[in-house]
Amino acid sequence: RILDLDTGIDHLISIRLHDSTSFFEPCSHDDPLHAFFLAETAFIQAALTEDASDARAAIKLLTAAESLLKEKSNSESGIGSYFKFGSSKKKDEIPEDLHLLYQSCLAYVYLLTAGMYFRRGNYMKGAYSVRRSWKQYSSLIKNLDLLDIDVGDSEVYNFFLSLLLFGVGGFLFFVSLV
């Protein structure tokens, strides 16, 4: 499932934003990862053009991605069970549970939203989004120690971990600029 996103992510990294949008948009209403990467594409577009309409579109897509990530992470099986002591979940079930991945994406969405608000001069909403992002990241990092997982070849867990570390680094960089 994660590997299916490679083409769109390649477009995004190569700054082929039209191709990235075309790839992610068709599934963005149902799939939180497509919505997440579509919102990231819109954020990059808005940052590069500095156009007010692009910024409004980015905020709209970031809000939609936030809603879908929250909705899907609350509907996946085993939500939050990895952060509870005495969980009945087995450690090899992490690849099927996308909750951690969605929560990491959500923290990054908060950070991108903060960037858009700061850029548009809405400092209160920007500061609130920065706070939400850090609370999300710190919760994920703090609770990472509670996970008793044999990572192995779990592509979902590896993607989650790389997104988490990238996001925390991006957060620290962002805060150093603000």
Side-chain angles (χ1 to χ4, degrees), residues 1-51 53-76 82 94-119 129-130 132-134 136-137 140-141 144 147 149 151-175 177:
R1 181 173 178 161
I2 302 298
L3 296 177
D4 295 340
L5 299 171
D6 276 353
T7 302
I9 293 171
D10 182 50
H11 294 318
L12 184 60
I13 291 170
S14 303
I15 312 297
R16 293 189 308 260
L17 301 179
H18 178 71
D19 294 337
S20 178
T21 300
S22 298
F23 182 86
F24 292 121
E25 196 167 33
C27 298
S28 66
H29 301 290
D30 301 326
D31 185 346
L33 295 178
H34 279 81
F36 168 72
F37 286 114
L38 180 63
E40 188 174 15
T41 301
F43 172 84
I44 293 170
Q45 177 76 28
L48 291 175
T49 64
E50 296 188 11
D51 183 54
S53 63
D54 286 340
R56 284 190 299 275
I59 289 173
K60 182 179 176 183
L61 288 172
L62 286 163
T63 303
E66 175 187 340
S67 296
L68 192 57
L69 284 162
K70 284 179 179 178
E71 173 192 328
K72 294 296 184 175
S73 70
N74 289 330
S75 66
E76 296 289 337
Y82 294 107
I94 189 76
E96 289 79 43
D97 190 351
L98 297 174
H99 178 69
L100 295 173
L101 178 59
Y102 291 165
Q103 293 301 309
S104 186
C105 290
L106 189 58
Y108 193 60
V109 164
Y110 292 150
L111 186 59
L112 295 180
T113 303
M116 283 285 88
Y117 282 135
F118 279 128
R119 186 69 184 115
S129 292
V130 166
R132 288 170 55 185
S133 177
W134 181 247
Q136 187 76 13
Y137 278 129
L140 286 166
I141 291 168
L144 197 58
L147 297 174
I149 317 171
V151 177
D153 294 326
S154 170
E155 88 181 22
V156 173
Y157 182 77
N158 289 333
F159 188 66
F160 152 73
L161 195 55
S162 65
L163 186 62
L164 177 64
L165 296 174
F166 176 79
V168 169
F171 178 86
L172 296 172
F173 177 73
F174 180 80
V175 169
L177 295 176

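Nearest heavy atom pair, residue K72 against residue D30, reads CE-O, 3.4 Å. Nearest heavy-atom pair across M116 and L62 is CG-CD1, 4.0 Å. Summarising the geometry of A114 relative to V130, their closest heavy-atom pair is CB-CG2, 3.5 Å, with the distance given to 0.1 Å. The two residues C105 and L163 have their closest heavy-atom pair at SG-CD2, 3.3 Å. Considering all non-hydrogen atoms of both residues, A35 and A65 come closest at O-CB, 3.6 Å. Between F24 and I9 the shortest heavy-atom distance is CZ-N, 3.6 Å.
Here the side chains of L12 and L17 are in contact, with some heavy-atom distance below 4.5 Å. Two residues are said to be in side-chain contact when any heavy atoms from C-beta on lie closer than 4.5 Å; Y102 and L33 meet this criterion. Between Y108 and Y137 the shortest side-chain heavy-atom distance falls below 4.5 Å.
The number of heavy atoms from other shown groups lying within 6.0 Å of CZ (R16) is above 12.
The aromatic rings of F23 and H11 lie perpendicular to each other, with more than 60° between the two planes, well past the 30° mark. Between F118 and F174, the ring planes lie tilted relative to each other; the angle falls in the 30° to 60° range.
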Exercise. Could you go step by step and tell me if T41 and S20 meet the side chain to side chain donor-acceptor pair (under 3.5 Å) rule?
Worked result: CA-CA 7 Å; T41 301; S20 178; 2.8 Å; yes
For this session: Take L177 and F173 through the side chain to side chain contact (heavy atoms under 4.5 Å, CB included) test and state the conclusion after the steps.
Result: CA-CA 7 Å; L177 295 176; F173 177 73; 3.4 Å; yes
Exercise. Passes side chain to side chain contact (heavy atoms under 4.5 Å, CB included), S67 versus K70? Steps please.
Worked result: CA-CA 5 Å; S67 296; K70 284 179 179 178; 5.9 Å; no
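Taking CG from L68 and CG from L61, the interatomic distance works out to 12.0 Å, rounded to the nearest 0.5 Å. To the nearest 0.5 angstrom, L172 atom CG is 6.0 Å from W134 atom CH2. In this structure, CD on Q45 lies 8.5 Å from CG on D51, to the nearest 0.5 angstrom. Atom CZ of residue F166 and atom OG of residue S104 lie 10.5 Å apart, to the nearest 0.5 angstrom. For the atom pair F43 CZ and D54 CG, the distance stands at 12.5 Å (nearest 0.5 Å).
For Y110, there are no ring-ring contact (aromatic ring centres under 6.0 Å, His included) partners, not counting sequence neighbours.
Put simply, the side chain of S28 gets close to the backbone of E25: a donor and an acceptor are under 3.5 Å apart. Looking only at distances, no side-chain donor or acceptor of S133 sits under 3.5 Å from a matching main-chain atom of S129.
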